[in-house]
Amino acid sequence: MVKEGLTVEGVGALKVTELKAELSARGLDVSGRKAVLAARLAEALTAAADATADATATETTAPASTKKAAKRKRGGGEDDDASAAASAASSGATGETKAEAPVPTKQARVEPAAKEAEPKAEATEPKTEARAGSKRQRDDEDDQGEAAAKPNDSKVFVKSEAGTDTKTAVKVAVKTEATPGVKTEQSKNAATGKPVAVKVEDTNDDDEDDEDEGKNRLRKVQRKAKVDARSRNCPYLDTINRVVLDFDFEKLCSVSMSNINVYACLVCGKYFQGRGIGTHAHVHSLQSSHHVFINLQTLKFYCLPDNYEIIDSSLDDIKFVLRPVFAPEKIKELYESDKRSRALDGSTYVPGVMGLNNIKANDYLNVVIQSLARVPPLREFFLSEANFAKFKDPLLVAMAELLRKLFNPRAFKSHVSPHEFCQAVVRASGKRFGLLEQSDPIDFMSWLLNTLHKKLKKQHKSNIVQDTFQGVMEITSRTLPPTPDQAALVGITIDPEAPQYQPVTNTSPFLFLALDVPPPPLFHDVGESIIPQVPLFELLNKFDGVTEKEYKTYKDIKVKKFQLKSLPKYLIMCIKRFTKNTFFVEKNPTIVNFPVKNIELKDYLQFPEGEEVSFKYDLIANVVHDGLQVQDGQTAAGKGTYRSHVLNTGSQQWYELQDLHVTEILPQMITLSESYIQIWERQDNTEETVGATEGLEASAAAAAATADDGAAPMES
C-alpha cells in the first residue's frame with residue numbers, strides 16, 4: 001500500500017520494513033541495505049514529482065513478484081511445496097545458528113543441492129539456500145541506526161548433497177575467518193559424515209561501499225528536491241545593489257583576511273568567508289539581513305541563511321563583470337571597434353580606454369599597462385579563453401584578468417583598479433616594485449616583459465613577447481688605447497695594433513631602443529625661457545652603423561657602433577631623459593620632435609644595393625613624464641607624475657590617460673610633450689624580412705637563449 005503524502009525529506013525516517021513495503025508497492029527492487037533502499041525510494045519519489053509537474057502520464061508496471069506468483073500458481077503445487085520446504089529449512093537453519101553463535105560474524109547461505117539421478121530423490125529433497133546470521137536481525141540493526149557492517153563480516157556458502165541435514169550442515173560450516181578474502185573449506189555433515197564444500201567470501205568492503213553510495217544518492221536527491229523548489233524563485237533578488245559591487249580588489253575575507261572559500265555580498269559588496277552555519281557570511285546575513293551572495297571562485301549564487309543555490313539568468317551580468325569571457329571573433333573585433341559602452345552611473349567609455357586607479361604611487365605601472373594593452377598580439381594572447389584556462393602562475397592570471405577588465409564592454413563602472421595585479425607584481429618582483437613608492441616605468445616594463453617571457457616560455461612554450469617586440473642589432477666595440485701622456489705617466493709602452501684594441505663585432509637581440517638626448521646648454525640668456533628641441537631622426541643616428549659613442553668605465557674607454565639588422569612588428573623606444581650623478585638624478589627637459597605616422601626607418605638598416613624596401617611605423621602609445629620642480633631647479637624621476645597617450649585604432653582617436661582621467665586629445669599635442677617611452681607599430685604593407693635580414697632570426701633566438709634564465713636581453 002503506497003503511503004499518502006510521503007516526501008523525499010521523510011524517507012530517512014522510515015524503517016527497513018516500511019521502505020521495503022513502499023518499494024514493493026511501487027514494483028521496485030527491495031534488496032540491499034537501508035541506505036540503498038532509502039535512496040531508491042527517494043529517486044522514485046523525485047521522478048514521480050517531476051512527472052506530475054510536467055503533466056505526463058506514467059505507466060505503472062506490475063511487480064516482478066506478482067508475475068512470479070501467478071506463474072507458480074498456474075504451474076501446480078509442486079513448486080509451492082518445494083518453496084515451502086525451502087522456507088522451513090531456511091528458518092530451521094537460521095534458528096540453529098542463533099542458538100550456537102549468538103553474535104554471528106558470518107553470513108551463511110546454502111547453495112542449491114546437486115541433482116540426484118533418481119526422480120524420487122529430486123522430488124523429495126528441495127534445493128536449499130540458507131543465510132547464517134539472520135537477515136531479519138540485520139534489518140533490525142539498520143533500524144536502530146547501525147549503518148556500517150561489522151568488522152570481518154563474511155558470507156559462507158554451503159553446498160550439500162541431497163539427503164543431508166541442511167540445518168546441521170550450516171551449524172558445522174559457520175566459522176570465523178579473520179582474514180578478508182575468499183576461502184573454500186571442507187567440513188563434515190554432523191548427521192551423515194559426508195563432506196560438504198564450504199566457500200567463505202568477504203563482503204565487508206562491498207557492504208560498506210553500497211552503504212556509502214546509498215547515503216550519497218539519498219543526500220543528492222534530497223538536496224536537489226530542496227534546491228529546485230526555491231532556487232528559481234528567490235524573493236531577495238531585488239535587494240542586489242550593483243552600484244557598490246567592486247571585484248577589482250584582492251579576494252580576501254573582510255573579517256578573517258583569508259582567501260579560501262570567499263563569498264561576496266551582493267547587497268553591500270563586502271567579502272566574507274564560508275556560507276555554513278557560524279561562518280562570517282552566515283553571520284553577516286543574519287545581522288544585516290543581506291541574503292544574496294556569490295562564490296568568487298565558482299561564480300555560483302546562494303541565498304543565506306537558507307543556504308540554497310540561486311539560479312536566475314538576470315544574474316549573468318554580474319558573472320561577466322567578475323570574469324569576462326571573450327569569444328575568438330570578439331577579440332578580433334577589438335582592433336577595429338569604435339563602439340562606446342555605458343556604465344551604471346550613466347557615463348560612457350570606450351572598452352580598452354578606461355582609467356586605472358592610482359592607489360598610492362603606482363602611476364608608473366598604470367602607464368605601462370595602458371601602453372602594452374594597445375599591442376594586439378599581446379592583448380589577444382591574454383584575452384584568449386584557451387590560453388587563460390592554462391595559466392597557473394599568479395602574475396599571468398593577474399595580467400590576463402586586468403586586460404579582460406580593461407576591455408569589458410559590460411562593466412558597471414568606467415574605470416578599473418589594478419589592485420590584484422599590483423599585489424602579484426609585488427610578490428613576483430620581491431618587493432622591487434610596489435604601491436607605496438614610485439619607480440621608473442622603463443625599469444618596470446623591462447622587468448615585466450622579461451618575466452612574462454620566462455614564465456610563458458617555461459610553462460606554456462610560448463614566445464609571444466619575443467615574437468612581438470624583439471629585434472636584432474649588430475654591435476661593434478673596441479677599446480681605446482691610453483694616450484701617450486697616460487702611457488708615459490705609468491711608464492709603459494702601448495701598441496695600438498694589439499689584439500685587445502681591435503674592434504669586435506657581435507649580434508645581439510633587443511626589446512627596446514634607448515635613445516640618448518643631447519645635454520641641455522649649461523647657461524641661458526637672461527629672460528630666455530626657450531626649451532631646447534631635437535628631431536627624433538637625430539637620435540636614431542646612433543643606430544646607423546657609422547656613429548660612434550664612447551662608454552667610460554673605471555678602467556678603460558670603449559667605443560661602440562650600432563647597426564640595426566632587423567626590426568620587430570612593434571618597436572619600443574625609450575628616450576633617456578634621466579642621468580644620475582653623485583648627488584642626484586637630473587632630468588633633461590629637451591623636447592623631441594617626431595611625426596605620429598609614417599616614420600621611415602629603412603635608412604638605419606642594411607640592404608643590398610638597389611633594394612627598395614619600406615619600414616614605416618605609426619605611433620600607438622606614448623608615455624610622458626611631468627616633473628615637479630625641486631629645490632635646486634631640477635626635476636628627477638620619482639618626483640613627478642606619469643601619463644600616457646594611446647590610440648584607439650577603431651576610431652583613430654587619441655586619448656590622454658592619467659590615472660582615472662580620460663580625455664580626448666589632438667595628435668598635434670602629443671609631440672609637444674616630454675615623451676619618455678613610445679611604442680610604434682609597423683604598417684602592414686611593410687615586408688618583414690629582406691635580403692640582409694635573412695637568417696638573423698636564428699641568431700636572435702640563439703642570443704636570447706644565452707641570456708640569463710632564457711630572458712631576452714635589452715639594449716641599454
Side-chain angles (χ1 to χ4, degrees), residues 243-252 269 321 343-345 347-374 395 398-408 411-429 431-448 577-578 585 587 621-630 635-646 648 654-665 669-670 673-679:
V243 177
V244 301
L245 298 183
D246 188 355
F247 302 119
D248 295 341
F249 290 94
E250 201 168 5
K251 308 301 188 294
L252 298 177
V321 170
L344 293 180
D345 59 357
S347 61
T348 60
Y349 66 93
V350 179
V353 188
M354 302 174 66
L356 289 176
N357 185 25
N358 187 359
I359 302 172
K360 177 68 176 180
N362 59 289
D363 54 343
Y364 73 96
L365 182 146
N366 294 346
V367 294
V368 172
I369 295 300
Q370 295 283 17
S371 301
L372 294 179
R374 314 320 306 170
L395 181 63
M399 180 74 175
E401 289 181 347
L402 181 57
L403 291 179
R404 286 164 175 263
K405 292 175 182 178
L406 277 176
F407 287 89
N408 185 2
F412 290 164
K413 52 188 179 180
S414 57
H415 62 274
V416 178
S417 178
H419 187 271
E420 285 188 293
F421 178 73
C422 292
Q423 293 292 343
V425 168
V426 170
R427 289 189 291 266
S429 65
K431 299 184 179 181
R432 175 183 173 187
F433 303 100
L435 303 175
L436 305 179
E437 185 177 354
Q438 192 181 66
S439 300
D440 194 345
I442 193 61
D443 290 343
F444 173 71
M445 177 180 283
S446 60
W447 173 86
L448 180 62
R577 294 188 175 275
F578 302 101
V585 177
K587 177 186 174 182
N622 182 56
V623 176
V624 179
H625 178 266
D626 298 320
L628 299 177
Q629 295 294 328
V630 294
T635 57
K639 299 296 184 180
T641 59
Y642 293 96
R643 53 191 172 95
S644 60
H645 301 137
V646 298
N648 182 22
W654 281 92
Y655 292 88
E656 181 178 87
L657 305 174
Q658 186 171 9
D659 298 336
L660 298 179
H661 301 283
V662 180
T663 57
E664 295 183 356
I665 187 175
M669 301 297 296
I670 299 175
S673 59
E674 299 177 2
S675 299
Y676 186 37
I677 303 174
Q678 296 178 339
I679 300 181

Has the side chain of [X] got a donor or acceptor atom that lies under 3.5 Å from a matching backbone atom of [Y]?
X	Y	answer
Ser347	Ala343	no
Lys413	Asp246	no
Gln370	Val623	no
Arg577	Ser675	yes

Inset, instruction - With sequence neighbours excluded, tell me which residues meet ring pair (Phe, Tyr, Trp, His ring centres under 6.0 Å) with Phe433. - result: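 With sequence neighbours excluded, Phe433 shows a ring pair (Phe, Tyr, Trp, His ring centres under 6.0 Å) to Phe444, Trp447, given in chain and number order.
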Inset, instruction - Could you list the residues that satisfy ring pair (Phe, Tyr, Trp, His ring centres under 6.0 Å) with His415, not counting sequence neighbours? - result: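 In terms of ring pair (Phe, Tyr, Trp, His ring centres under 6.0 Å), with neighbours along the sequence ignored, His415 is linked to no residue.
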Inset, instruction - Please examine the side chains of Ser371 and Ile677, heavy atoms only from C-beta on, and report whether any two atoms are closer than 4.5 Å. - result: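 Counting from C-beta outward, Ile677 and Ser371 never come under 4.5 Å.
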Legend entry - Met669 side chain near Trp654 side chain, heavy-atom distance below 4.5 Å: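 No; the side chains remain at least 4.5 Å from each other.
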Inset, instruction - Output all residues satisfying salt bridge (charged side-chain N to carboxylate O under 4.0 Å, His left out) with Arg432, sequence neighbours left out; order by chain, then residue number. - result: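 Listed in chain order: nothing, the list is empty.
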Inset, instruction - Please step through side chain to side chain contact (heavy atoms under 4.5 Å, CB included) for the pair Glu656 and His661, ending with a clear verdict. - result: CA-CA 8 Å; Glu656 181 178 87; His661 301 283; over 6 Å; no
Report the residues that fulfil side-chain contact (heavy atoms from CB on, under 4.5 Å) with [X], sequence neighbours left out, ordered by chain and then residue number.
X	value
Leu252	Glu250, Met257, Asn259
Val350	Arg340, Val353, Asn648, Tyr655
Asn357	Ile359, Ser417, Pro418, Leu660

Inset, instruction - May I have the step-by-step check of side chain to side chain contact (heavy atoms under 4.5 Å, CB included) for Ile679 and Leu372, ending in yes or no? - result: CA-CA 8 Å; Ile679 300 181; Leu372 294 179; 4.3 Å; yes
Legend entry - Residue pair Asp440 / Tyr676, side-chain donor-acceptor N/O under 3.5 Å: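 A donor-acceptor contact under 3.5 Å links the two side chains.
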